[in-house]
Amino acid sequence: MSGKRDSIIAAALKLFCENGFQNTSTANISKEAGVATGTLFLYFKSKDELINALYKEAKTELAAYFQQDLEAETTIENKLQHFWQKAIDWALDNPYHFRFFNMYSNSPFISNLTKEEAASTFQFTQDLVEEAIKAGSIEPINCNLFINLFSGQLNATVGFLTQNLNLENRQEIIDQAFAIFWKGISKG
């Protein structure tokens with residue numbers, strides 16, 4: 001990617017989160033990115049194309065981040081806890097991205113094709129859920145329901161941590177939240 005394109009993506013991410021999609025003009029994005037509006041249109045034909053590119057690229061990067069060292073974990077519980085920890089770390093380190101996904105994952109501004117392409121990068125989560133069910137580690141559950149439950153508890157945990165930045169027992173809170181999630185889905 002070029003530096004200008006990256007600047008446009010970063011500016012759009014910030015402004016879409018702060019002002020919303022409809023209240024963010026391409027002129028505002030260009031100004032925030034430090035490029036001419038015409039330069040924005042060299043990379044993206046429209047604001048719709050820009051938000052879809054942002055969504056897809058961010059999801060792809062997120063999926064790659066989540067999978068780092070995942071295969072080194074030997075048990076289903078450890079794999080899910082690894083995934084949980086990576087998700088928490090990523091959300092806290094990337095607040096605009098985290099907010100963007102919460103704001104736009106179900107948005108009509110993101111095309112169905114983009115959502116499908118982005119979802120395909122998360123095939124490993126479905127594989128992990130299916131592996132866990134097959135191994136008898138978790139209760140049989142619809143994969144999409146699992147992801148929604150995981151996301152809901154993750155959002156609650158990240159929200160709590162964000163509102164309480166100076167916690168001395170931050171890791172203990174993260175581990176407690178995962179333990180509650182695991183207790184709810186595991187067999188036994």
Side-chain angles (χ1 to χ4, degrees), residues 6-7 9-24 28-29 32 51 54-107 109-110 115 118-119 121-122 124-126 128-129 132 137-139 141-188:
D6 290 345
S7 294
I9 290 281
L13 173 67
K14 178 179 184 247
L15 294 175
F16 291 157
C17 287
E18 290 178 353
N19 305 324
F21 179 75
Q22 292 177 317
N23 294 326
T24 301
N28 294 129
I29 295 168
E32 179 75 24
I51 195 170
L54 171 59
Y55 183 86
K56 185 177 172 185
E57 289 172 23
K59 278 281 196 180
T60 300
E61 290 172 18
L62 178 60
Y65 179 78
F66 283 173
Q67 292 179 78
Q68 291 174 352
D69 304 319
L70 183 62
E71 289 306 315
E73 302 298 338
T74 56
T75 68
I76 298 296
E77 182 178 1
N78 288 349
K79 286 180 181 184
L80 288 173
Q81 188 164 20
H82 175 86
F83 188 16
W84 177 264
Q85 186 67 53
K86 294 292 264 186
I88 296 282
D89 293 344
W90 176 85
L92 294 174
D93 290 344
N94 299 281
Y96 276 124
H97 285 83
F98 185 71
R99 188 172 171 195
F100 177 79
F101 287 135
N102 281 327
M103 291 173 72
Y104 295 103
S105 287
N106 295 309
S107 170
F109 301 120
I110 309 299
K115 288 176 186 175
T121 64
F122 275 83
F124 73 96
T125 57
Q126 183 170 339
L128 184 57
V129 171
S137 300
I138 66 172
E139 295 290 339
I141 186 171
N142 176 283
C143 187
N144 289 327
L145 176 58
F146 175 91
I147 291 168
N148 283 318
L149 291 170
F150 185 93
S151 297
Q153 192 147 351
L154 177 73
N155 285 339
T157 304
V158 169
F160 179 80
L161 294 170
T162 302
Q163 293 170 2
N164 299 281
L165 293 173
N166 296 321
L167 289 173
E168 291 182 20
N169 63 339
R170 179 175 173 243
Q171 190 59 50
E172 183 180 328
I173 297 291
I174 293 168
D175 293 343
Q176 269 182 340
F178 176 77
I180 292 167
F181 175 74
W182 178 251
K183 186 176 182 180
I185 64 164
S186 65
K187 272 189 164 178

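In what follows, residues are counted from 1 in the order of the sequence shown.
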*Does Ala177 offer a backbone N or O that forms a donor-acceptor pair with the side chain of Gln153 under 3.5 Å?*
yes
*For the residue pair Leu149 and Leu145, establish whether any side-chain heavy-atom pair is separated by less than 4.5 Å.*
yes
_Minimum heavy-atom separation for Phe16 and Met103, please, with both atom names._
O-CE, 3.5 Å
*Taking the inter-plane angle between the rings of His97 and Trp90 on a 0 to 90° scale, is it parallel (under 30°), tilted (30 to 60°) or perpendicular (over 60°)?*
perpendicular
*Does some side-chain heavy atom of Phe83 sit less than 4.5 Å from a side-chain heavy atom of Thr125?*
yes
*Evaluation steps, side-chain contact (heavy atoms from CB on, under 4.5 Å), between Trp182 and Glu77*: CA-CA 8 Å; Trp182 178 251; Glu77 182 178 1; 3.5 Å; yes
*CH2 of Trp84 to CG of Asp89: how many Å apart, nearest 0.5 Å?*
12.0 Å
*Roughly how far apart are Phe21 CZ and Ile51 CD1, rounded to 0.5 Å?*
5.0 Å
*For Gln176, check side chain to side chain donor-acceptor pair (under 3.5 Å) against everything at least two apart and list the hits.*
none
*asked:* For a 4.5 angstrom cut-off between non-hydrogen side-chain atoms, does Ile174 reach Gln85?
replied: yes
_Atom CG of residue position Asp93 - does it have more than 12 heavy atoms of other residues, nucleotides or ligands inside 6.0 Å?_
yes
_side-chain contact (heavy atoms from CB on, under 4.5 Å) assessment of His82 paired with Asp69_ = CA-CA 9 Å; His82 175 86; Asp69 304 319; 3.9 Å; yes
*Which heavy-atom pair separates Lys115 from Ile110 by the least distance, and what is that distance?*
CE-O, 3.4 Å
*For residues Phe124 and Phe122, establish whether the separation of their ring centroids is below 6.0 Å.*
yes
*Minimum heavy-atom distance between Ala12 and Ile29, given as atom pair plus value*: N-CG2, 4.0 Å
_What's the separation between atom CD in Glu168 and atom CD1 in Ile173, rounded to the nearest 0.5 Å?_
12.0 Å
*Does some side-chain heavy atom of Ile138 sit less than 4.5 Å from a side-chain heavy atom of Lys187?*
no
*Determine the minimum heavy-atom distance between Leu128 and Leu80, stating which atoms define it.*
CD2-CD2, 3.5 Å
*asked:* For the backbone of Glu32 and the side chain of Lys14, can you confirm whether one donor and one acceptor N or O come within less than 3.5 Å of each other?
replied: no
_Going by the rule side chain to side chain donor-acceptor pair (under 3.5 Å), which residues pair with Asp175 if we only count those two or more places apart in sequence or in a different chain?_
Gln171
*What is the ring orientation for Tyr104 with Phe100, classed by angle as parallel under 30°, tilted 30 to 60°, or perpendicular over 60°?*
tilted
*asked:* Measuring from atom CG of Leu15 to atom CG of Asn23, what distance do you get when rounded to the nearest 0.5 angstrom?
replied: 11.0 Å
*Side chains of Thr157 and Phe181 in contact at under 4.5 Å (non-hydrogen atoms)*: no
*Which residues satisfy the side chain to side chain donor-acceptor pair (under 3.5 Å) test with Lys86, sequence neighbours excluded?*
Gln68
*What closest approach, in Å, do Asn155 and Asn102 show between heavy atoms, and which atom pair accounts for it?*
ND2-OD1, 3.3 Å
*Do Asp6 and Ile9 touch side chain to side chain, with heavy atoms closer than 4.5 Å?*
no
*Would you say Ser107 and Tyr55 make side-chain contact, with heavy atoms under 4.5 Å?*
no
*Side-chain contact, heavy-atom cut-off 4.5 Å: Lys59 with Phe101?*
yes
*So, for Leu92 and Val158, which heavy atoms are closest and what is the spacing to 0.1 Å?*
CD2-CG1, 4.1 Å
*Does Asn148 reach the main-chain N or O of Asn144 with its side chain, forming a donor-acceptor pair under 3.5 Å?*
yes
